[in-house]
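Input: a single structure, listed below in structure tokens.
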Amino acid sequence: MSESGYAALAIGGSAGSLEVLCGILEGLVSPTRLAVVVCLHTASREIGELCTVLSRHSALPVIEAQESAAVAPNQVHVAGGGYHLLVERAATFALCAGPRIQYARPSIDVLFESMADTYRRRLAGMLLSGANADGAAGLRAIHRLGGLTIVQSPETASAPEMPQAALKLFAPDRQNTPDQLIDAVRGISRLAR
């Protein structure tokens, strides 16, 4: 599928991913029809501060994802701490207090799998630096349903375990350096205008 066909971009990361994520958000072009959903391993008390930091680097508004809210284009939605974030078939958010997955809640796997089920070929997924395997199975789900899958090159990640876990499960469409990740997001958001 061409980059112009994507409706949503899902980004997941953990340890060492914040700096790369800020660069990626700087690559977003506004306005865009692309909805961006971010899941980082963070404590609930830090979510407001995280949104503030990310908003300094994004041309799009950065907001915490809320129960039943629409996954709106031209916005960056951030998963809050303490709950899993899912996207339902109607492209609305749902929060779940289920068990931790890979020691994390919110879980990147949960978000990626639900978004894959909703958006299928219209989803691009990106997995960044992190110190566990969360996100690998979810990125594979995006791949199986026809979406674009991108991992940060492990050698450029300060915590390479997360991208390495994805590479052990399947062959993502792209394995990119941080600069290439920025270029990829710029292209996806520009063509979705």
Just distance, no hydrogens or angles: give the donor-acceptor pairs under 3.5 Å from side chains in residues 177-187, sequence neighbours left out.
| from | atom 1 | to | atom 2 | distance (Å) |
| --- | --- | --- | --- | --- |
| Thr177 | OG1 | Gln180 | N | 3.2 |
| Thr177 | OG1 | Gln180 | OE1 | 3.4 |
| Gln180 | OE1 | Thr177 | N | 2.8 |
| Asp183 | OD1 | Arg186 | NH1 | 3.1 |

Show me the side-chain donor-acceptor pairs of residues 128-138 shorter than 3.5 Å, one per line, residues at least two apart or across chains.
| from | atom 1 | to | atom 2 | distance (Å) |
| --- | --- | --- | --- | --- |
| Ser129 | OG | Ala15 | O | 2.7 |
| Ser129 | OG | Ala159 | N | 3.0 |
| Ser129 | OG | Ala159 | O | 3.2 |
| Asn132 | OD1 | Asp134 | N | 2.9 |
| Asn132 | ND2 | Gln102 | O | 2.9 |
| Asp134 | OD1 | Ser107 | OG | 3.1 |
| Asp134 | OD1 | Ile108 | N | 3.3 |
| Asp134 | OD1 | Asp109 | N | 3.0 |
| Asp134 | OD2 | His41 | NE2 | 2.7 |
| Asp134 | OD2 | Ile108 | N | 2.7 |

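Annotation for Leu86: hydrophobic cluster partners, listed by chain and number, are Ile101, Val110 (ILVMFWY side-chain heavy atoms under 4.5 Å, direct or chained).
Counting only residues at least two apart or in different chains, salt bridge (charged side-chain N to carboxylate O under 4.0 Å, His left out) contacts with residues 6-24 are absent. Applying the salt bridge (charged side-chain N to carboxylate O under 4.0 Å, His left out) test to pairs two or more places apart or on separate chains, none has a residue in residues 148-168. Sorted by first then second residue, the ring-ring contact (aromatic ring centres under 6.0 Å, His included) pairs that include residues 120-171, not counting sequence neighbours, are His143-Phe170.
Applying the ring-ring contact (aromatic ring centres under 6.0 Å, His included) test to Tyr83 and every residue at least two apart in sequence or in another chain returns nothing. Take His77 and apply the ring-ring contact (aromatic ring centres under 6.0 Å, His included) test, not counting sequence neighbours, and it matches Phe93. Thr156 pairs by the side-chain hydrogen bond (donor to acceptor under 3.5 Å, both in side chains) definition with Gln152, not counting sequence neighbours. Applying the side-chain contact (heavy atoms from CB on, under 4.5 Å) criterion to Ala70, with sequence neighbours excluded, gives no partner residue. Annotation: ring-ring contact (aromatic ring centres under 6.0 Å, His included) contacts of His57 (sequence neighbours excluded): none. Residues passing the salt bridge (Lys or Arg N to Asp or Glu O under 4.0 Å) test with Arg89, sequence neighbours excluded: Asp117.
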